[in-house]
Amino acid sequence: MPRAVIAAGLLTQVICMVAWCAVAGRWSPLIIGLGLALGSAAVQLLLAMIRPGTLGFGDVTCTLMMGLAVGWFGVEAVLVWWLLMGTLGLLMLGIQQRRGRDSIPFAPAIVLSAVIVVLAFTL
């Protein structure tokens with residue numbers, strides 16, 4: 001994902017979250033969400049550094065943006081997101097291997113799993 005898209009997405013989320021927190025008078029969702037987003041991105045960065053070439057910096061920044069959205073719902077949502085992200089990633093990799101390829105773009109798994117988790121925790 002282009003960095004400009006990530007930056008715009010992060011900025012938009014933070015503005016909306018700050019506005020909500022100001023109106024509601026509750027700042028803990030924003031603080032927890034930011035912490036979980038940064039932690040998730042740090043884990044992805046660590047994974048990318050352990051095995052160079054398996055994850056790119058775009059995956060790390062995508063995780064930061066999606067982590068902010070999912071992190072708003074707390075630790076449980078982030079854990080479910082990570083499990084779903086891994087499951088979708090493995091499923092996508094299995095499909096690609098059947099096609100004779102050995103790699104996948106991981107951002108779709110990051111985004112799709114985040115959307116599913118946010119919808120599940122919203123409804």
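When every heavy atom of I104 is checked against every heavy atom of G89, the shortest pair comes out as CD1-O, 3.5 Å. Closest of all the heavy-atom pairs between C21 and L30 is SG-CB, 3.6 Å. The minimum heavy-atom distance between V78 and L36, with the atom names listed, is CG2-CD1, 3.8 Å.
Put simply, CG on L88 and CG on L112 are 5.5 Å apart, with the number rounded to the nearest 0.5 Å. Atoms SG and CZ, on C62 and R3 in that order, are 12.5 Å from each other to the nearest 0.5 Å. How far CG of L10 is from CE of M65: 6.5 Å, rounded to the nearest 0.5 Å. To the nearest 0.5 Å, atom CE of residue M66 and atom CD1 of residue I6 are 6.5 Å apart. Put simply, CD on Q96 and CG on D102 are 9.5 Å apart, with the number rounded to the nearest 0.5 Å.
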May I have the step-by-step check of side-chain contact (heavy atoms from CB on, under 4.5 Å) for V118 and F73, ending in yes or no? CA-CA 8 Å; V118 166; F73 296 95; 3.8 Å; yes
In sequence, state the C-alpha distance, the side-chain angles, and the governing distance for L79 and L83, and then conclude on side-chain contact (heavy atoms from CB on, under 4.5 Å). CA-CA 6 Å; L79 292 174; L83 288 171; 5.5 Å; no
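Residue pairs meeting the ring pair (Phe, Tyr, Trp, His ring centres under 6.0 Å) criterion with at least one partner in residues 2-52, sequence neighbours excluded, are W20-W72. Counting only residues at least two apart or on different chains, no ring pair (Phe, Tyr, Trp, His ring centres under 6.0 Å) pair has a member in residues 98-120. Sorted by first and then second residue, the side chain to side chain donor-acceptor pair (under 3.5 Å) pairs involving residues 38-54 (not counting sequence neighbours) are S40-W82, Q44-T63.
Using a 4.5 Å cut-off on side-chain heavy atoms (C-beta onward), M92 and P108 make contact. Looking at heavy atoms from C-beta onward, T87 lies out of side-chain contact with L91 at the 4.5 angstrom threshold. L64 is not listed as a side-chain neighbour of L68, based on a closest heavy-atom distance of 4.5 Å or more.
Cluster partners of M49, using a side-chain heavy-atom cutoff of under 4.5 Å among ILVMFWY residues and allowing indirect links, are L45, F57, V60. Side-chain heavy-atom separations under 4.5 angstrom define the hydrophobic clusters, and the remaining members of the one that includes I15 are L11.
A donor-acceptor pair under 3.5 Å is formed between the side chain of T61 and the backbone N or O of G58.
Residues L38 and L46 fall into different hydrophobic clusters, defined by Ile, Leu, Val, Met, Phe, Trp and Tyr side chains chained together at heavy-atom separations under 4.5 Å. With hydrophobic clusters built from ILVMFWY side chains whose heavy atoms lie under 4.5 angstrom apart, L119 shares a cluster with I110. Hydrophobic clustering (ILVMFWY, side-chain heavy atoms < 4.5 Å, transitive): L84 and L90 are in distinct clusters.
Shown here are the side-chain hydrogen bond (donor to acceptor under 3.5 Å, both in side chains) partners of W81, two or more places apart in sequence or in another chain: S113.
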